[in-house]
Amino acid sequence: MKNTLKELVFLRTFAITTVLGILTFSLIAFKQTGNKKFGTIDVERINIIERDGTVKMVITNVAEFPNGEDSINDRPVNAKRKKRAGMLFFNEDGIECGGLIYDGKENENGHSSGLSLTFDKYDGDQAMQLLHTDVKRKGRRRVRSSIRFNDLPENSTQANVAKANEELDKITDKKVWKETYDAYVKKGILGITKRIEVGNLGKGRPNGMFLYDDEGNMRAMFCIDSSNNVRLEMFDENGNKVNSWPTKK
């Protein structure tokens with residue numbers, strides 16, 4: 001009988017202690033409000049997702065940059081894209097819609113570095129691009145920065161552009177390649193045409209605004225030339241100057 005009473009007392013004590021412990025833990029846990037704060041976090045890749053799991057942004061190092069057979073939101077990514085550190089953006093449909101990439105390193109001839117921030121046409125390629133390059137080869141250095149606005153094919157999608165490029169990569173005959181490429185351009189699948197560029201094209205080159213026709217030929221520029229003169233010039237489709245300001249006296 002005494003043993004039974006001792007066991008009952010032990011069980012009651014254990015039960016009460018356990019309940020009190022759970023209640024204390026719950027109160028402490030629910031009492032914490034606001035976002036968690038961290039000091040320094042070392043991470044190779046972060047996927048920003050919606051509550052339904054749709055990836056909206058990827059922040060990544062070089063090794064984890066998605067390419068090859070990777071997929072995001074059940075869609076294939078650009079298979080041949082070079083791995084770079086940066087960010088990729090995705091729209092509400094889970095389709096890539098732009099990104100920020102950058103790199104830079106020394107090599108045996110000098111160095112090369114670059115940055116590209118792009119915003120894409122829906123399910124397409126870059127409609128707007130902020131671009132910076134710094135390349136040094138054999139003692140000669142060229143630094144260039146610009147903002148570009150592009151026309152994109154009406155019927156292009158990320159999927160059919162990838163399929164077209166895959167077909168073109170298998171063609172070794174230059175004439176056949178050109179005919180196949182032109183056919184895709186005519187279908188409105190391939191071809192990016194630069195229309196406006198505002199940029200610093202580098203020391204010794206004109207810096208200003210450059211306008212292009214729908215074939216990609218530069219037709220006008222308003223710039224400061226390498227002699228620090230302000231110029232406004234116009235060209236025909238073959239690149240011949242047809243008008244300029246100021247006119248020579």
Side-chain angles (χ1 to χ4, degrees), residues 45-62 64-68 70-104 112-135 143-165 184-185 187-202 207-223:
R45 174 167 157 173
I46 297 174
N47 294 335
I48 307 297
I49 64 172
E50 297 290 356
R51 290 183 177 179
D52 63 1
T54 302
V55 176
K56 296 301 294 292
M57 181 187 295
V58 173
I59 306 172
T60 178
N61 65 5
V62 175
E64 295 297 323
F65 191 89
N67 70 355
D70 294 336
S71 64
I72 296 179
N73 297 324
D74 297 322
R75 294 174 60 93
V77 299
N78 190 326
K80 295 187 176 181
R81 180 165 48 193
K82 180 181 177 181
K83 284 181 174 288
R84 291 182 174 92
M87 295 187 292
L88 294 176
F89 313 132
F90 299 84
N91 63 21
E92 283 74 10
D93 293 331
I95 304 171
E96 185 180 332
C97 58
L100 167 67
I101 55 174
Y102 56 91
D103 62 12
S112 67
S113 70
L115 176 146
S116 174
L117 172 63
T118 61
F119 300 94
D120 297 342
K121 162 194 167 185
Y122 178 82
D123 196 14
D125 214 333
Q126 51 212 35
M128 180 176 137
Q129 181 180 31
L130 172 64
L131 183 66
H132 171 76
T133 57
D134 179 354
V135 178
V143 181
R144 178 171 179 164
S145 302
S146 64
I147 299 176
R148 299 179 183 179
F149 301 88
N150 304 314
D151 272 348
L152 295 120
E154 182 178 358
N155 302 317
S156 65
T157 66
Q158 294 180 12
N160 64 21
V161 168
K163 186 176 180 180
N165 286 328
Y184 277 117
V185 171
K187 292 177 182 178
I189 294 176
L190 292 182
I192 298 178
T193 305
K194 181 167 59 177
R195 297 303 302 270
I196 302 174
E197 182 174 21
V198 181
N200 174 358
L201 304 188
N207 301 294
M209 177 179 288
F210 308 88
L211 306 178
Y212 300 79
D213 62 22
D214 59 7
E215 297 293 328
N217 304 305
M218 188 171 71
R219 302 298 298 274
M221 68 176 179
F222 181 53
C223 68

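Just so you know, these numbers use all the heavy atoms, side chains as well, and skip hydrogens, waters and symmetry mates.
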Q: Counting C-beta onward and ignoring hydrogens, is there a side-chain heavy-atom pair between T60 and N47 closer than 4.5 Å?
A: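 Heavy-atom side-chain distance check fails, nothing below 4.5 Å.
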
Q: Find the distance between CG (L130) and OG (S146) and round it off to the nearest 0.5 Å.
A: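 So the gap between those two atoms works out to 7.5 Å.
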
Q: Partners of D151 by salt bridge (charged side-chain N to carboxylate O under 4.0 Å, His left out), sequence neighbours excluded?
A: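 Scan of D151 (salt bridge (charged side-chain N to carboxylate O under 4.0 Å, His left out), adjacent residues dropped) gives R195.
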
Q: Nearest 0.5 angstrom please: K194 NZ to F210 CZ, how far?
A: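 The distance works out to 9.0 Å.
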
Q: Just to verify, what does E50 make a side-chain hydrogen bond (donor to acceptor under 3.5 Å, both in side chains) with, not counting sequence neighbours?
A: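 Result, side-chain hydrogen bond (donor to acceptor under 3.5 Å, both in side chains) vs E50: K56.
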
Q: Is L211 close to I196 at the side-chain level, that is, under 4.5 Å between some pair of heavy atoms?
A: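 Yes, at least one pair of side-chain atoms sits under 4.5 Å.
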
Q: For the backbone of E64 and the side chain of R45, can you confirm whether one donor and one acceptor N or O come within less than 3.5 Å of each other?
A: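 Yes, R45 side chain to E64 backbone: donor-acceptor pair under 3.5 Å.
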
Q: Of the non-hydrogen atoms in V55 and F90, which two are nearest, and what is the gap between them?
A: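 Answer, listing the atom of V55 first, then F90: O-CB, 3.2 Å.
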
Q: Taking salt bridge (charged side-chain N to carboxylate O under 4.0 Å, His left out) as the test, write out the residues that go with R81, two or more places apart.
A: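 Counting only residues at least two positions away or on another chain, R81 forms a salt bridge (charged side-chain N to carboxylate O under 4.0 Å, His left out) with E96.
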
Q: Could you tell me if the side chain of V161 sits less than 4.5 Å from the side chain of Y184, heavy atoms only?
A: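 The answer is no; the side chains never approach within 4.5 Å.
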
Q: Could you grab the distance from atom CD of Q129 to atom CG of D120, nearest 0.5 Å is fine?
A: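 Rounded to the nearest 0.5 Å, the CD-CG separation comes to 9.5 Å.
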
Q: Can you name the residues that form a side-chain hydrogen bond (donor to acceptor under 3.5 Å, both in side chains) with N78, not counting sequence neighbours?
A: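 side-chain hydrogen bond (donor to acceptor under 3.5 Å, both in side chains) list for N78, sorted by chain: empty.
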
Q: Atom CD1 in I49, atom CD1 in I72: separation rounded to 0.5 Å?
A: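 Going from the CD1 atom of I49 to the CD1 atom of I72 covers 12.5 Å.
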
Q: So, using side-chain hydrogen bond (donor to acceptor under 3.5 Å, both in side chains) as the criterion, who are the partners of S156 when residues are at least two apart?
A: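 Testing S156 for side-chain hydrogen bond (donor to acceptor under 3.5 Å, both in side chains), a comparison that skips the adjacent residues, returns K121.
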
Q: Answer yes or no: is there a side-chain heavy-atom contact under 4.5 Å between V143 and H132?
A: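 They are in side-chain contact.
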
Q: List the residues meeting salt bridge (charged side-chain N to carboxylate O under 4.0 Å, His left out) with D213, not counting sequence neighbours, and say none if there are none.
A: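 Partners of D213 by the salt bridge (charged side-chain N to carboxylate O under 4.0 Å, His left out) criterion, ordered by chain and then number, come out as R219.
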
Q: On a heavy-atom basis, which atom in P153 and which in G188 lie closest, and how many Å separate them?
A: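 Nearest pair, atom of P153 first, then G188: CB-O, 3.0 Å.
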
Q: Identify, with sequence neighbours excluded, every residue that meets side chain to side chain contact (heavy atoms under 4.5 Å, CB included) alongside E154.
A: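 Result, side chain to side chain contact (heavy atoms under 4.5 Å, CB included) vs E154: none returned.
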
Q: Could I get the full list of side chain to side chain contact (heavy atoms under 4.5 Å, CB included) partners for I192, not counting sequence neighbours?
A: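 Residues passing side chain to side chain contact (heavy atoms under 4.5 Å, CB included) with I192: D125, N150, L152.
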
Q: Heavy-atom count check: over 12 atoms from other residues, nucleotides or ligands less than 6.0 Å from F222 CZ?
A: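 Open: at most 12 neighbouring heavy atoms sit under 6.0 Å from CZ of F222.
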
Q: Only counting residues at least two apart or in another chain, list the ones meeting side-chain hydrogen bond (donor to acceptor under 3.5 Å, both in side chains) with T157.
A: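 If we apply the side-chain hydrogen bond (donor to acceptor under 3.5 Å, both in side chains) test to T157, skipping adjacent residues, the hits are N160.
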
Q: Kindly write out the residues that satisfy side chain to side chain contact (heavy atoms under 4.5 Å, CB included) with K83, not counting sequence neighbours, or none if the list is empty.
A: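 Partners of K83 by the side chain to side chain contact (heavy atoms under 4.5 Å, CB included) criterion, ordered by chain and then number, come out as V62, F65, N67.
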
Q: Got a second to check how far S112's OG is from D103's CG, nearest 0.5 Å?
A: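 Result: 6.5 Å between the selected atoms.
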
Q: Looking at D123 and I95, would you say the former's side chain and the latter's main chain have a donor-acceptor pair under 3.5 Å?
A: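 Answer holds: no.
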
Q: Within a 6.0 Å radius of atom CE on M218, are there more than 12 heavy atoms belonging to other residues, nucleotides or ligands?
A: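 Enclosed: over 12 neighbouring heavy atoms sit under 6.0 Å from CE of M218.
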
Q: Using a 3.5 Å distance criterion without hydrogens, assess whether the side chain of D52 forms a donor-acceptor pair with backbone atoms of T54.
A: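 Yes; judged by distance alone, with no hydrogens or angles, the pair exists.
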
Q: Measure the spacing between CG of D214 and OG1 of T193 and express it to the nearest 0.5 Å.
A: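 D214 atom CG to T193 atom OG1 measures 7.5 Å (nearest 0.5 Å).
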
Q: Could you report the tightest heavy-atom contact between T118 and S116, atom names first, then the distance?
A: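 Residues T118 and S116, closest heavy atoms: CG2-OG, 3.3 Å.
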
Q: If you take all heavy atoms of A164 and I189, which pair is closest and at what distance?
A: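 In terms of heavy atoms, the two residues are closest at CB-CG2, 4.5 Å.
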
Q: For D134, which residues count as a salt bridge (charged side-chain N to carboxylate O under 4.0 Å, His left out) partner, sequence neighbours excluded?
A: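 Expected list: R141.
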
Q: Any side-chain heavy atom of K80 within less than 4.5 Å of one from N165?
A: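 Not touching, per the 4.5 Å side-chain cut-off.
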
Q: Run the side chain to side chain contact (heavy atoms under 4.5 Å, CB included) test against N207 and tell me which residues pass, sequence neighbours left out.
A: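 With sequence neighbours excluded, N207 shows a side chain to side chain contact (heavy atoms under 4.5 Å, CB included) to N200, L201, given in chain and number order.
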
